[in-house]
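Computed from a predicted model, the values in this text were never measured in an experiment.
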Amino acid sequence: MVAHALVFVGGESNLSSFAPDTASIASSIKYHAEFTPLFSPERFELPKAFFATAQSVRDSLLINWNATYDIYEKMNMKQAYYLSMEFLQGRALLNAIGNLELTGAYAEALKKLGYNLENVASQEPDAALGNGGLGRLASCFLDSLATLNYPAWGYGLRYKYGLFKQQITKDGQEEVAEDWLEIGSPWEIVRNDVSYPIKFFGKVTTGSDGKRYWIGGEDIKAVAYDVPIPGYKTKTTINLRLWSTQVPSADFDLSAFISGEHTKACEAQANAEEICYILYPGDESEEGKILRLKKQYTLCSASLQDIIARFERRSGDRIKWEEFPEKVAVQMNDTHPTLCIPELMRVLIDLKGLSWKEAWNITKRTVAYTNHTVLPEALEKWSFELMQKLLPRHVEIIEAIDEELVHEIVSKYGTLDLDKLEEKLTTMRILENFDLPSSVADLFTKPESPVNDDTETIEVHDKVEASDKVVTDDDEDETGKKTSAKTEAAAEKDIDKKTTLNPEPAVIPPKKVRMANLCVVGGHAVNGVAEIHSEIVKEEVFNDFYQLWPEKFQNKTNGVTPRRWIRFCNPPLSSIITKWIGTEDWIFEKASSVAPSKRFTKFLRPSVFDFRKACEGCVREDHNLNGFAIWSHHLRKQIFADNEDLQTEWREAKRSNKITVVSFLKEKTGYSVVPDAMFDIQVKRIHEYKRQLLNIFGIVYRYKKMKDMTAAERKTNFVPRVCIFGGKAFATYVQAKRIVKFITDVGATINHDPEIVEGHFILSHFLVVFVPDYNVSVAELLIPASDLSQHISTAGMEASGTSNMKFAMNGCIQIGTLDGANVEISEEVGEENFFLFGAQAHEIAGHRKERTDGKFVPDERFEEVKEFVRSGAFGSYNYDELIGSLEGNEGFGRADYFLVGKDFPSYIECQEKVDEAYRDQKRWTKMSILNTGGSYKFSSDRTIHEYAKEIWNIEPVELP
């Protein structure tokens with residue numbers, strides 16, 4: 001792809017040319033410790049050292065941030081805005097000084113002050129602004145946008161308590177509030193002059209001018225908190241703007257408080273603040289649903305008001321609304337920001353005076369949608385009644401959009417085949433379980449049969465055959481229901497009468513608003529996040545829309561930033577890559593007019609060649625060359641993947657990272673492990689489709705086999721393993737919490753089994769560990785140390801995944817299904833370097849039907865595991881509900897919907913291949929090298945270049 005960077009040359013630059021040295025940095029840290037204190041002045045301890053250091057770094061970021069913002073204002077170029085309910089940032093200090101190329105200087109400065117940089121950095125809590133891959137992807141995208149100099153901002157909410165902090169007890173997972181903001185964040189800058197009104201409830205009236213007015217209700221305000229996001233080796237520093245919710249002081253009911261009605265006095269403030277308390281409140285109650293919808297609307301309304309204000313300010317005296325899509329690109333990260341569509345329409349029509357046609361044209365050209373799931377429950381649907389109560393004006397707009405869609409569908413498919421048309425309308429409408437608009441309802445009107453009465457009268461004239469009794473209500477018939485006996489005469493008398501029956505009232509399905517459908521209709525682009533996922537989106541999830549608007553649908557395979565996920569979290573591996581390439585160009589991917597495959601082949605030689613010299617030639621010939629891609633190409637050609645020196649360095653780097661994790665596990669769990677054991681890791685959100693249950697069932701199977709062997713047989717048949725789990729189960733997801741409990745019970749049993757300990761195969765060589773409160777910082781330790789990672793979701797159910805990319809980058813070999821980005825990873829690293837098992841996506845429906853038809857025969861090894869669990873081998877907890885989900889042929893929560901039993905034989909046989917490969921360390925190391933080499937495609941830099949060119953139409957802007 002070609003991307004030409006714009007360079008700002010006019011006006012005054014606020015950028016400082018001063019490069020901080022060790023002395024000036026130490027001075028700055030001491031200044032902040034004294035003059036911007038959050039701690040008492042008597043002591044300079046680690047927490048205070050962290051805050052002072054971070055504030056010192058923030059000074060440099062703000063210089064660049066102000067300059068970046070100033071140039072964007074003056075150039076008035078098109079800017080992208082990324083709206084997401086989650087931004088899983090992790091710690092910021094090491095990432096920021098790394099991007100600023102000041103790591104060494106800060107390490108030396110802190111050393112002079114008596115501190116170690118790593119110890120200081122460890123004081124920083126993870127920013128609790130997300131939960132899983134959705135938020136981590138958004139954060140990677142911000143890093144790439146800044147690094148590649150694209151004009152863009154992120155928008156999110158400032159959650160006070162995050163999702164939750166996970167604690168593991170004997171009862172499983174327990175949740176407590178996050179405390180990351182308890183003493184404040186040194187990175188954020190509150191913008192008290194940037195706030196916007198947000199309204200809920202109320203009613204809509206028509207004014208004397210014919211306009212619609214949304215009045216009354218509950219009013220709050222959203223206040224901006226800015227977090228600077230620095231790019232790598234660039235002055236560009238973009239912004240993550242987070243909204244916090246409050247009410248003005250005037251809304252505090254002082255008289256009520258004075259009179260003793262304290263709760264009433266604080267009610268307005270409490271209602272406003274709770275919007276930003278936690279990430280995802282439970283939505284089983286009406287109050288929970290309202291709170292979730294409030295959160296989504298707050299994000300959309302505050303962000304759009306801010307974007308529109310910026311557009312108006314940059315436009316000056318002559319505002320041309322038709323140019324809004326030429327200056328603004330809004331990307332909705334999943335369906336949470338869907339309300340951007342009706343909110344933009346509301347502002348343009350009600351507040352800016354545009355016509356419906358003008359506003360709808362602008363909205364469709366501005367907004368784009370990223371789909372992240374094919375799970376039906378994750379494709380949001382909101383109660384129409386609830387939305388109408390909370391956002392009455394938006395419901396009017398959604399109804400109008402739906403009606404316009406209905407007319408477009410009728411125009412597309414015509415009225416010759418009314419059954420087909422009705423099917424299309426039922427599937428594609430934004431409003432579910434609604435009557436058709438009156439303008440098209442007549443098309444489906446069917447002639448009614450004449451009826452004499454509103455009640456149904458049935459005359460029965462047939463006599464009952466001879467019997468001494470007939471079946472009625474109180475005896476038992478063949479179905480097992482209770483019936484009673486009457487004489488034939490009495491029964492005949494009853495039946496001979498005219499019987500008047502009152503039919504059962506029809507069940508009226510609830511009216512819903514389909515948010516995903518609204519996203520597709522209201523946006524100009526819809527993208528999936530992996531090749532297989534995007535195909536499922538086109539062929540299954542939104543197939544009707546794809547037939548109507550094929551030009552809207554794209555694929556943008558996810559990526560992760562190699563800065564955080566190799567350069568900063570894995571310095572030993574980073575050094576090896578740089579050494580063997582001879583350049584650090586692999587750390588970021590510049591846009592290039594030369595396709596990677598063509599760039600590679602330019603430097604291939606049939607004879608032996610000097611790799612570094614070839615790389616240097618590449619760099620001289622094309623300054624946009626991605627060194628990581630060259631590395632990947634030559635590794636895949638196996639030009640030096642077998643090099644003994646490289647392999648030795650590679651194993652040493654891996655072992656160094658594993659030794660770090662040994663200390664971490666001891667501190668967090670109390671368990672001692674050996675670094676020579678295979679580190680087998682599955683860390684991700686706990687969900688049935690991600691199949692942590694398959695993993696732990698495989699561990700139970702291994703454990704059961706081990707118990708039937710002698711110590712010598714165990715050593716022969718199994719390689720040493722440390723099986724590490726991490727991830728949070730949503731607080732109200734009962735089955736996921738059962739899985740966490742089961743994993744911890746299995747671990748407690750295996751880790752303390754004297755039968756296993758007695759033999760030569762000692763405890764620390766087979767361990768099951770659940771790491772509590774898994775987050776980004778924990779991932780930065782575990783991923784570089786991993787030997788094997790598990791990405792074993794049911795095929796066709798994982799949109800992409802991003803942790804699989806991080807593991808591959810760090811030389812971890814993966815076991816997985818052909819699901820999400822696994823498909824592309826296995827292609828890039830080579831199928832021989834990926835442990836593949838399980839059913840494929842196109843087979844899943846057939847396997848489920850096999851189950852429903854009662855034809856599935858479970859593997860006897862799977863049945864043995866279930867019986868072993870039921871025997872009480874892992875404690876007294878009753879796992880009937882958990883195991884029951886894997887049994888039966890139909891029913892909610894039954895019938896093994898996620899195919900754990902179906903894939904179990906393939907899984908354990910694949911694990912045997914893993915053991916075999918790990919025994920041959922030279923082969924395993926080569927596979928590890930080839931995984932890193934094949935991962936270059938999965939840089940978020942590549943993904944962002946694609947979004948910028950093919951969806952947002954924005955260009956890089958380099959600061960001088």
Side-chain angles (χ1 to χ4, degrees), residues 14-68 89-127 143 146-147 180 183-189 226-237 561 563-564 566-572 574-575 578 584 587 656 660 663 776-777 780-781 959:
N14 293 325
L15 289 177
S16 171
S17 59
F18 173 68
D21 58 18
T22 300
S24 63
I25 289 172
S27 177
S28 174
I29 293 172
K30 288 194 291 184
Y31 170 86
H32 283 288
E34 184 174 356
F35 294 107
T36 54
L38 291 169
F39 302 87
S40 58
E42 295 86 12
R43 295 181 299 274
F44 185 63
E45 296 177 336
L46 270 174
K48 186 175 183 179
F50 160 68
F51 264 84
T53 302
Q55 288 163 336
S56 166
V57 176
R58 194 183 73 171
D59 290 346
S60 296
L61 297 183
L62 285 177
I63 292 171
N64 290 347
W65 189 95
N66 288 333
T68 304
Q89 292 288 95
R91 292 170 175 164
L93 178 58
L94 294 180
N95 194 78
I97 62 175
N99 279 356
L100 291 169
E101 300 182 88
L102 294 174
T103 302
Y106 267 89
E108 284 297 315
L110 284 167
K111 187 176 180 181
K112 288 185 175 182
L113 297 174
Y115 283 106
N116 174 277
L117 174 59
E118 289 186 3
N119 292 338
V120 170
S122 70
Q123 297 299 303
E124 180 177 7
D126 275 38
D143 179 88
T147 296
W180 76 288
I183 57 174
S185 167
W187 305 109
E188 62 184 19
I189 305 104
D226 287 347
V227 180
I229 308 294
Y232 178 73
K233 287 191 175 183
T234 177
K235 295 173 183 176
T236 299
T237 301
T561 166
R563 270 79 61 190
R564 182 180 287 269
I566 304 182
R567 179 68 180 84
F568 302 142
C569 79
N570 197 345
S574 175
S575 297
T578 299
E584 286 193 337
I587 298 173
S656 171
T660 302
S663 299
V776 175
S777 295
E780 290 172 354
L781 289 173
L959 277 66

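- Between the CH2 atom in Trp65 and the CD1 atom in Ile229 there is a gap of 11.5 Å [rounded to 0.5 Å].
- The shortest non-hydrogen separation linking Asp59 to Ser28 is OD2-OG, 4.1 Å.
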Exercise for the section: Under the side-chain contact (heavy atoms from CB on, under 4.5 Å) rule, what do Leu61 and Leu100 come out as? Steps first, then yes or no, please. Expected result: CA-CA 9 Å; Leu61 297 183; Leu100 291 169; 3.7 Å; yes
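- Applying the salt bridge (charged side-chain N to carboxylate O under 4.0 Å, His left out) rule to pairs touching residues 32-41 yields nothing, sequence neighbours excluded.
- Taking 4.0 Å as the cut-off between side-chain N and carboxylate O, Arg564 and Asp143 do not count as a salt-bridged pair.
- Pro228 approaches Ile189 most closely through the heavy-atom pair CD-CD1, 3.9 Å.
- The structure places CG of Leu781 at 7.5 Å from OG1 of Thr660, a figure rounded to the nearest 0.5 Å.
- Annotation: Lys30, atom NZ; neighbour count of heavy atoms from other residues, nucleotides and ligands within 6.0 Å does not exceed 12.
- The CG atom of Asp126 lies 6.0 Å from the CZ atom of Arg91; values are rounded to the nearest 0.5 Å.
- Between Ile25 and Ser27, the closest side-chain pair of non-hydrogen atoms is not below 4.5 Å.
- Residues Asn64 and Thr236 form no side-chain contact, since every pair of their non-hydrogen atoms from C-beta on lies 4.5 Å or further apart.
- Rounded to the nearest 0.5 Å, atoms NZ (Lys48) and CD (Glu45) are 9.0 Å apart.
- Minimum interatomic distance between Ala92 and Glu124 (heavy atoms only, all atoms of both residues): N-OE2, 2.8 Å.
- Residue Lys233 comes nearest to Glu584 through the heavy atom pair NZ-OE1, 3.4 Å, listed as atom of the first residue, atom of the second, then distance.
- Between Phe568 and Asn99, the closest side-chain pair of non-hydrogen atoms falls below 4.5 Å.
- With rounding to the nearest 0.5 angstrom, the OG1 atom of Thr53 is 4.5 Å from the CG atom of Leu110.
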Problem - Pair Thr147-Ile587, side-chain contact (heavy atoms from CB on, under 4.5 Å): steps then yes or no - result: CA-CA 10 Å; Thr147 296; Ile587 298 173; over 6 Å; no
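- Between Leu38 and Ile183, every side-chain heavy-atom pair lies at or beyond the 4.5 Å cut-off.
- Shown here are the salt bridge (Lys or Arg N to Asp or Glu O under 4.0 Å) partners of Asp226, two or more places apart in sequence or in another chain: Arg191, Arg241.
- Annotation for Thr234 and Ala146: closest pair CG2-O, 3.5 Å, computed over non-hydrogen atoms.
- Once rounded to the nearest 0.5 Å, the distance linking CZ of Phe51 with OG of Ser185 reads 7.0 Å.
- Asn119 and Ser122 share no donor-acceptor pair across their side chains, judged by distance under 3.5 Å alone.
- No donor-acceptor pair under 3.5 Å is formed between the side chain of Thr578 and the backbone N or O of Ser575.
- For the residue pair Arg567 and Ser574, the shortest heavy atom distance occurs at CD-OG, 3.2 Å.
- By the 4.5 Å heavy-atom criterion applied to side chains, Val57 and Tyr106 are counted as neighbours.
- No side-chain heavy atom of Trp187 sits under 4.5 Å from any side-chain heavy atom of Gln89.
- Counting heavy atoms from C-beta outward, Tyr115 and Leu46 have side chains that approach closer than 4.5 Å.
- Within the 4.5 Å cutoff, side-chain heavy atoms of Leu959 are placed close to those of Thr68.
- Using a distance-only test at 3.5 Å, with no hydrogens or angles considered, a donor-acceptor pair links the side chain of Arg58 to the main chain of Glu188.
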